[in-house]
Amino acid sequence: MKKSSRESWSGQLGFILASAASAIGLGNLWRFPYLTAKYGGGIFLLVYFLLLLTIGAMLMTTEIALGRKTRLSPLHGFGKLVKSWSFLGILFVAVSAVILPYYIVIGGWILKYVFAYAFIPQEITDAAHPANTAFFSNFISNPSQSLLFAGMFFAMSALFIVMGVKNGIEKMNKILMPALFFLAIAIAGYVCMQPNAIEGIKYYLVPDLNKFYVETNGTSHFSFTMLCKTIVAAMGQMFFSLSLAMGIMVTYGSYMKKSDNIENSTWHIEFCDTIVAIIAGLMIIPAAFAFPPAGQTGIEAVSQAGPGLLFETLPRVFTQMQAPKMITLSFFVLVLAAALTSSVSMMETLQSSIKDKMKWSRKKSVTILSVYILIMMIPHSLCYSNACKGFFSKKILGMEFLSLNDFLANSVLMPLGAFALCIFVGWILKPNFIIREIETKGNTFKLKKFYSLTIKWIAPIFIAIILVTCILSGLKIIDI
Ligand code: TRP
């Protein structure tokens, strides 16, 4: 999609598919299951749904409408509308710049599994077998391996950009994404029929309010901080997964036709994205109960879940399934394709923002961006190893470098961006600016009253309370 000519999507379906393809990626398959496992299963899912139906939907509608109305890229758009708000575009670009390097590192982890399954040894006890308990930790703690695979994933994304085949991979994805979807359903179906999986399904789907209670001195009491932490995690996940609060949907909206219905498109995109996330969860969380790691119970495995959950759980499932090599290999190849489209699209948007802002040539902006990614890849790849005497694995605020940046982008910068967007649209432009855009060409905006209320009051107040509580509790200033 060339910016200069500002062509339109082929129609509403084209728009929905393209937006869903951008939304579906590692966020759904890798990040959603481990966060849900970590934050109490059903209760996290409930919070996630409530956010999706309220703030998420209204923000997505806003971004798409803003893009279609102004036909500008986010970096310039805000400043052109109101000069003093150009910082919002910069904040959005900064979020992508924080996410992209670690997205590439996780893409490298997927690539490692593609290789491992392509050359899989016979015996599980072999260290090169992905179902070997030590496989994942050996891999991420090996500096040259993790750098090598992240570098390869980066090279693949860069190659697509340089060859300008973005449209080609988007077309390819129309076949690959449904294939991934059906394969994931089949795996989830198998997992859910295993003994003990029911415990995992319950954990995943049934909200348990007790998760918000903590025990101090033998008495249990409701913890507001715990509630806020869960909400922040769910909200960050929603932004990440729907590619919100980073200007992506503004750009996508700028290519949308005036006659298309923005409100309906929002619900369709959210539906596609969420269904994939739910299936990924059904594939991984019950598997942690049915096939827990040696020496752990299912509940221990999920409550200690971290970024490795997908990588550690699935190989055990595949071994139990005695799945043919072709199936396991295709699964990771399909996940790789989903990750690649997302990283290519993120790189492309970042590149064009830099190009427009600095008035550089495409070649120069791609080169500078590549240098930035290659440098940033180093601490992200080495943060689980002892390389350089453990310099990169030093924990900051109790987190490794990768988790720290993930937290910074999703739990701090994105809520800040979303808060600022609400103030900008709700109070400076006024909700009618967006409502009028949605209602052009005879479309009606069914939720317009709710929209105004959410964008002016509910969303900004809610986000501010949650964010402030989390930051203060993170800094150990309050504990309620
Ligand atoms: N939503 C994508 C995912 O779930 C990740 C993502 C965030 C993204 N921002 C993006 C993808 C921008 C493409 C463009 O994995």
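Ligands are counted one by one from 1 in listed order, and the atoms in each one are counted from 1 as well.
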Do any N/O atoms on M346 end up under 3.5 angstrom from N/O atoms on ligand 1? no
Taking distance alone, with N or O pairs closer than 3.5 Å, would you say L26 contacts ligand 1? yes
Short question: side chain of R68, backbone of D260 - any donor-acceptor pair under 3.5 Å? yes
Does any N or O atom in G27 lie less than 3.5 angstrom from one in ligand 1, N or O only? yes
P130 backbone acceptor or donor facing Y113 side chain under 3.5 Å: no
Ranked by distance from atom 7 (C) of ligand 1, the top protein heavy atom is F240 O, 3.6 Å
shortest atom 11 (C) of ligand 1-to-protein heavy-atom contact is with S22 O, 3.3 Å
Taking only heavy atoms of S342, which atoms of ligand 1 are found under 4.0 Å from at least one of them? 11 (C), 13 (C)
Test of proximity, S345 against ligand 1: N or O pairs below 3.5 Å: no
Nearest non-hydrogen protein atom, atom 3 (C) of ligand 1: A23 O, 3.2 Å
To check your reading of the model: name the closest protein heavy atom to atom 10 (C) of ligand 1, its residue, and the distance in Å. S243 OG, 3.6 Å
So for R31 against ligand 1, with non-hydrogen atoms under 4.0 Å, the contacting part is neither
Contact with ligand 1 for Y103, non-hydrogen, under 4.0 angstrom: yes
